[in-house]
Amino acid sequence: MKNNILIIAAAAALTFSCAEKNPDLPVYLDPSKDIEERIADVLPRLTLEEKVAMVHAQSKFSSAGVPRLGIPEVWCTDGPHGIRPEVFWDDWDQAGWTNDSCTAFPCLSNLAASWDRELAFLYGESVGAEARYRGKDVLLGPGVNITRTPLNGRNFEYMGEDPFLAGQMVVPYVRGVQSNGVAACVKHFAVNNQELRRTATSSNVDDRTLYEIYLPAFEAAVKDGGAWAIMGSYNLYDGQYNCHNEKLLVDILKGEWGFDGVVISDWGGARDDDEAIRNGLDMEFGTWTNGLTGAPSDSYNNYHLANPYLERIRDGRVGTEELDDKVSRILRLIFRTSMSPEQHFGSFTSPEHYEAARRIAAEGIVLLQNDGTLPLDPATKANILLVGENVLKKLVVGGGSSNLKTKYEVTPMEAVIEAFPEANVTWERGYVGDPTGSYNLVETGQDLSESRSAEKLAEDAVAAAREADIVIFIGGLNKSAHQDTEGSDRLDIGMPYGQPELIEAIAEVAPRMVVVNISGSPVSMPWADKVNAIVQAWYGGTEAGHALTDVLTGKVNPSGKMPFTVPFALEDGPIRTERQYPGIKEEGKDYWDEYYDEGVFVGYRWYDASDTPVQWAFGHGLSYTEFEYSKPKASGMKVSVKVRNAGPVAGAEVVQLYITAPEGAAVSEIVRPAKELKGFEKVYLEPGETRTVTFKVTPRDLAWFDAEDHVWVAEPGTYTALFGSSSRDIREEVDFRYR
């Protein structure tokens, strides 16, 4: 059927080229016409049955078109880190294609750690081109849910703890994807911050917190990025499921923000016939599956927006106003993508995409600690011992819906051998984490079985470390259950599988030791003062190994900054009670209630307010050079600071602007964070070079959300602009006046 639709679409494209020569051509087929004219022309041509068929799935990842009118199907694909392998019509397992091995891009927390808007556009543009090449109309990503708790299993798919950073990074990503005629479907809307009981937990959030912390990145994606699609989330908000939540979808998204795109359910996220009809859902997918198993083809007609919808219209329980709005939005999506006047062909697994993946991964790697051990000389003839399962384990496969099949994945082992051709490189496993290499029939081809006991593995690693000149421990998390994965949350924030004890044992005997932590979420490191250098390396995708060695050797001067805070211990954070996380079951309810009692004090806002020491601050990241900040200036609502590269090598600094609200404001009873990120700029400087970085502060940057009057309030007064290299490394400050 898909091939038939492609033929129809090709014929329609040919008709497009003849539009000026055929005055009788229907308006909806004429690409020179305005999209709204095309929608208005085709909508009356559709039968009731055809309209209803368009608003629900016909397969695992597609919805029906209208063949008789040349309206193509809509095809979705999982992202956001790459294009998922083709699956069977009705289930998740891959269909066995041999030409669907994609480029795997770094996880989104890696992208956020780059603090680089240009790279965010490059990322979106590249993954969008791969989606278009594969004939996909909707990329199910990116994700911008806030890192409320370090335990959330999907933190690696999101862009950190700060709404401003996430909002600034999602906008160019969305624009990049959609430049290929592919819709970015921003997810998961909204307040979706845990995987534990994700389909049976209601997030109870006050309006101020909702608008200041959990909505801004979505708002930026819609208003500034022009996103064409939004995905609802599995959880409930204030007792109503989010895939048809009246306040979130009707009042805020489509009402206040004027969103004109489609709302797509998460797979299996629709739960009620009437709410699905009335509360803003436009396209229903995956109903009656649990996200893991398939559904028989005949179930599609029984979706909430299928036969039950037809029956309600036919017997008069509902009208067709909502249906026409849904279909209009779907047509708008189609006219923006597969029936766009501009033809897009895309590209797939190109050298340019591999280079983009490598560059993004390297730019997001964070140098957490360094006593001068790094960078390592590529010409060294030293004995280099690599320790850790993640030295060899391929980490693209797994993790839930971000599971990918790639042509290749460069492991750290391969890259280190390549980067240090004169060195003697050996490996010790040290521990067993997850020896498997299969997910939904996607295979890594690795055999990571192990016969040695845990004690023997650790003993062998320590013995080898005694003989090495330098030890590079590459461990951290993986994408297994209770690590970084969809479907389950982490159990703690420490390294699993006995790694902390192993690191300490090796550090006692190794002359020099570098620890590389691979994860997409915060990992505490109580052993930090016992090692020479620490690198946060993330899930780097296809070119992960090369990106890592680019930084270890100094080929790339590290410039990544942490997109979230890493506390010393989980209990240091704002989540202190069961009612906050994972939620409590109240009598008479068939779901758990989770209360966001911490309010706006999430991430660094909490640690600042409670004056709690942290291990790695939000925005922290070192370089192989040094940057000096000079006295800043303020002129009206513009603030600026000079930054100089005072070190010996070229490098990039992320200049971060935090704003502190005035004391004694007219609404001083409103408790505000000590400071909030409201600007950043990544500047590349040669040794000795100086550049002035200027920020234009807006009233919205100064505002808090007044829930009672439902308005943003920017108080007149004297504010302080703080310029820092992290939230805890403020270098300079200057006051400025608003009004």
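Basis for what follows: all heavy atoms, side chains included, without hydrogens, waters or symmetry-related copies.
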**Q.** Closest heavy-atom pair and its distance - A166, A217
**A.** CB-CB, 3.9 Å
Q: Mark yes when over 12 heavy atoms from residues, nucleotides or ligands other than D371 sit less than 6.0 Å from its CG; otherwise mark no.
A: yes
(Q) Is it the case that over 12 heavy atoms from other parts of the model lie below 6.0 angstrom from the NZ atom of K247? (A) yes
Q | Side-chain donor/acceptor of E543 to backbone N/O of P106, under 3.5 Å | A | no
Q. With distance as the sole test, does T565 use its side chain to make a donor-acceptor pair with the main-chain N or O of P567 at under 3.5 Å?
A. no
Q) Just by distance, do the side chain of R329 and the backbone of G261 share a donor-acceptor pair under 3.5 Å? A) yes
Q: Run the numbers on S524 and Q615 for side chain to side chain donor-acceptor pair (under 3.5 Å), then give the verdict.
A: CA-CA 7 Å; S524 64; Q615 186 154 38; 5.3 Å; no
Q. Does the distance from a Lys or Arg side-chain N to an Asp or Glu carboxylate O, for E689 and R691, drop under 4.0 Å?
A. yes
**Q.** F680, W606, W115 screened by ring-ring contact (aromatic ring centres under 6.0 Å, His included) with F618, the one that passes
**A.** W115
Q.
Just checking F705 against H710, ring centres under 6.0 Å apart?
A. yes
Q. Side-chain contact, heavy-atom cut-off 4.5 Å: N155 with S109?
A. no
Q. Can you tell if the side chain of T147 reaches within under 4.5 Å of the side chain of N152, non-hydrogen atoms only?
A. no
**Q.** Heavy-atom donor-acceptor pair, S726 side chain to D729 backbone, under 3.5 Å
**A.** yes
Q: May I ask you to check whether T612 and D572 show a side-chain donor-acceptor distance below 3.5 Å?
A: no
**Q.** Where Y354 and T103 come nearest, the two heavy atoms and their spacing
**A.** CE2-OG1, 3.5 Å
Q. Just by modelled atom types, is the D162 backbone N or O under 3.5 Å from a matching donor or acceptor in the Y604 side chain?
A. no
Q: Would you mind reporting whether N645 and E653 have side-chain heavy atoms less than 4.5 Å apart?
A: no
Q.
Check D116 with K561, please: is the shortest side-chain N to carboxylate O separation under 4.0 Å?
A. no
(Q) Quiz question: by atom type and distance under 3.5 Å, do the side chains of T698 and D701 form a donor-acceptor pair? (A) yes
Q. Would F736 and K633 count as a side chain to side chain contact (heavy atoms under 4.5 Å, CB included) if you check the C-alpha gap in whole Å, the side-chain angles of each, and the deciding distance to 0.1 Å?
A. CA-CA 9 Å; F736 66 97; K633 296 180 180 180; over 6 Å; no
Q) Would R644 and E626 pass as an ion pair if we require N to O under 4.0 Å? A) no
Q) Is it the case that more than 12 heavy atoms not belonging to R359 sit under 6.0 Å from its CZ atom? A) no
Q. Are the ring centres of Y607 and F601 closer than 6.0 Å?
A. no
Q. Aromatic ring centroids of Y629 and F723 under 6.0 Å?
A. no
Q.
I'd like to know if R605 pairs up with E212 as an ion pair, taking the criterion as any Lys NZ or Arg NE/NH1/NH2 lying under 4.0 Å from an Asp or Glu carboxylate oxygen.
A. no
Q: On the 0 to 90° scale, with breaks at 30° and 60°, tag the F156-H81 ring pair as parallel, tilted or perpendicular.
A: tilted
**Q.** E125 bridged to R175 by N-O distance under 4.0 Å
**A.** no
Q. Any side-chain heavy atom of F695 sitting closer than 4.5 Å to one from V693?
A. yes
Q) Has the side chain of S114 got a donor or acceptor atom that lies under 3.5 Å from a matching backbone atom of N110? A) no
Q) Does D260 offer a backbone N or O that forms a donor-acceptor pair with the side chain of K254 under 3.5 Å? A) no
Q: Report yes or no: is the cationic atom of R332 (NZ for Lys, CZ for Arg) under 6.0 Å from the centre of the six-membered ring of W228, at an angle within 45° of the ring normal?
A: no
Q: Show your reasoning for whether side chain to side chain contact (heavy atoms under 4.5 Å, CB included) applies to L477 and I518.
A: CA-CA 6 Å; L477 308 184; I518 296 178; over 6 Å; no
Q: Considering only NZ, NE, NH1 and NH2 on the basic side and carboxylate oxygens on the acidic side, decide whether K682 and E118 come within less than 4.0 Å.
A: no
Q: Would you check if there is a donor-acceptor pair between the side chains of T694 and E681 at a distance under 3.5 Å?
A: no
(Q) Ignoring hydrogens, what is the shortest heavy-atom contact between A190 and L248? Give both atom names and the distance. (A) N-CD1, 4.1 Å
Q. Is there a salt bridge (Lys or Arg N to Asp or Glu O under 4.0 Å) between R731 and E628 once you walk through the steps?
A. CA-CA 8 Å; R731 304 290 182 86; E628 294 178 349; over 6 Å; no
Q.
Please evaluate residues S203 and Y596 with respect to the criterion side chain to side chain donor-acceptor pair (under 3.5 Å), reporting the C-alpha separation (whole Å), side-chain torsions for both, the decisive distance (0.1 Å), and the verdict.
A. CA-CA 7 Å; S203 300; Y596 286 48; 3.3 Å; yes
Q) With no hydrogens and no angle check, is any side-chain donor or acceptor of D224 less than 3.5 Å from a backbone partner on V171? A) no
(Q) Closer than 3.5 angstrom, by distance alone: can the side chain of S233 be matched with the main-chain N or O of F189 as a donor-acceptor pair? (A) yes
Q: Could you give me the CA-CA distance, side-chain angles and deciding distance for F564 and W616, then say whether side chain to side chain contact (heavy atoms under 4.5 Å, CB included) is met?
A: CA-CA 9 Å; F564 42 61; W616 311 116; over 6 Å; no
Q.
Quick one about K678 and Y658 (side-chain donor to acceptor, distance below 3.5 Å, no hydrogens or angles considered), yes or no?
A. no
Q) Any donor-acceptor pair under 3.5 Å linking the side chain of E715 with the backbone of A703? A) no
Q: Output the distance between atom CD1 (I575) and atom CG (D597), rounded to the nearest 0.5 Å.
A: 9.0 Å
Q | Candidates T660, T720, T718 - the one meeting side-chain hydrogen bond (donor to acceptor under 3.5 Å, both in side chains) with D735 | A | T720
**Q.** K223 atom NZ: more than 12 heavy-atom contacts under 6.0 Å
**A.** yes
Q: Write down the atom of V734, the atom of A634, and the distance for their closest heavy-atom approach.
A: CG2-CB, 4.0 Å
(Q) Set out, in order, the CA-CA distance, both residues' side-chain angles and the distance that settles side chain to side chain contact (heavy atoms under 4.5 Å, CB included) for N517 and M525, then state yes or no. (A) CA-CA 9 Å; N517 176 64; M525 304 175 187; 3.8 Å; yes
Q. Side chains of Q656 and S727: donor-acceptor distance under 3.5 Å anywhere?
A. no
Q. Can you tell which of V177, V182, L139, V127 makes a side chain to side chain contact (heavy atoms under 4.5 Å, CB included) with R132?
A. V182
Q) Is D608 paired with R728 through a side-chain N to carboxylate O contact shorter than 4.0 Å? A) yes
Q) Once the angle between the rings of Y173 and Y123 is folded into 0 to 90°, is it parallel (under 30°), tilted (30 to 60°) or perpendicular (over 60°)? A) tilted
(Q) The criterion is salt bridge (Lys or Arg N to Asp or Glu O under 4.0 Å); which residues satisfy it with D550, sequence neighbours excluded? (A) R358
